[in-house]
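Atoms considered below: every heavy atom in the structure, side chains included; atoms not considered: hydrogens, waters and symmetry mates. One is the number of the first residue; the rest follow in order along the sequence.
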Amino acid sequence: PCALRTVLLHHGPALALSVMALGGSLLVSLAPFALFRCTFLRFTGYPCPTCGGTRSFIDCLNGEWLAAFREFPLGVPLYFVVWAVLFWNFAALISRRSICAIAHRPLKILVFQWALGIGMVLLTASWIYRLAWGFK
């Protein structure tokens with residue numbers, strides 16, 4: 001086991017982000033007010049690349065998978081990724097071990113760059129899909 005400080009430094013940020021993504025979606029779904037419309041959509045008339053992401057997460061939380069896919073196609077797989085990140089980092093915190101799948105720093109950077117590139121391609125494809133089908 002590592003010191004709690006070390007584990008928090010390694011896993012705290014990802015754990016906090018995943019909790020905020022899931023918790024924020026849950027809180028918004030319980031709120032009595034409607035979601036604010038996207039500023040980009042309001043000014044241009046076209047959805048931004050992430051339009052529908054929050055609504056997609058809310059639909060996933062409610063088990064409405066088809067509606068979630070219609071809102072934001074990338075939202076459904078991203079929802080499962082967020083849960084995996086949450087469990088991975090929570091397990092590290094509970095076990096007090098820094099769990100890292102890739103220990104070699106240059107390899108970590110390479111994997112991060114590839115993941116970022118693939119994520120950008122998927123986000124762009126999702127945006128093009130929404131624009132092509134006229135979703136707003």
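For D59, there are no side chain to side chain donor-acceptor pair (under 3.5 Å) partners two or more places apart in sequence or in a different chain. Listed by chain and number, the residues in a side-chain contact (heavy atoms from CB on, under 4.5 Å) with T124 are I128 (sequence neighbours excluded). Scored by the side-chain contact (heavy atoms from CB on, under 4.5 Å) test, L66 finds R70 as partners (sequence neighbours excluded).
Rounding to the nearest 0.5 angstrom, the gap separating the CD1 atom in I118 from the CG atom in L123 is 13.5 Å. With rounding to the nearest 0.5 Å, the separation of CH2 in W127 from CE in M120 is 10.0 Å.
Smallest separation of non-hydrogen atoms from S25 and F57: OG-CB, 3.2 Å. Between G53 and F72, the shortest heavy-atom contact is CA-CD2, 3.7 Å.
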Please report, to 0.1 Å, the donor-acceptor pairs under 3.5 Å made by any side chain of residues 13-24, with sequence neighbours excluded.
{"residue": "S18", "atom": "OG", "partner": "A14", "partner atom": "O", "Å": "3.1"}
{"residue": "S18", "atom": "OG", "partner": "L15", "partner atom": "O", "Å": "2.9"}

Could you list the donor-acceptor pairs under 3.5 angstrom formed by side chains in residues 74-85, with sequence neighbours left out?
{"residue": "Y79", "atom": "OH", "partner": "W83", "partner atom": "NE1", "Å": "3.0"}

- Task: Might you work through the side-chain contact (heavy atoms from CB on, under 4.5 Å) test for F40 and C51, ending with a clear yes or no?
- Result: CA-CA 9 Å; F40 186 86; C51 265; 5.9 Å; no
- When you look at H11 and F90, which way does the side-chain contact (heavy atoms from CB on, under 4.5 Å) test go after all the steps? CA-CA 8 Å; H11 295 280; F90 190 68; over 6 Å; no
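Cluster annotation: F87 and L61 are assigned to the same hydrophobic cluster (Ile/Leu/Val/Met/Phe/Trp/Tyr, side-chain heavy-atom contacts under 4.5 Å, transitive).
V121 belongs to no hydrophobic cluster with other residues, because no ILVMFWY side-chain heavy atom falls under 4.5 Å from its own, directly or through intermediates.
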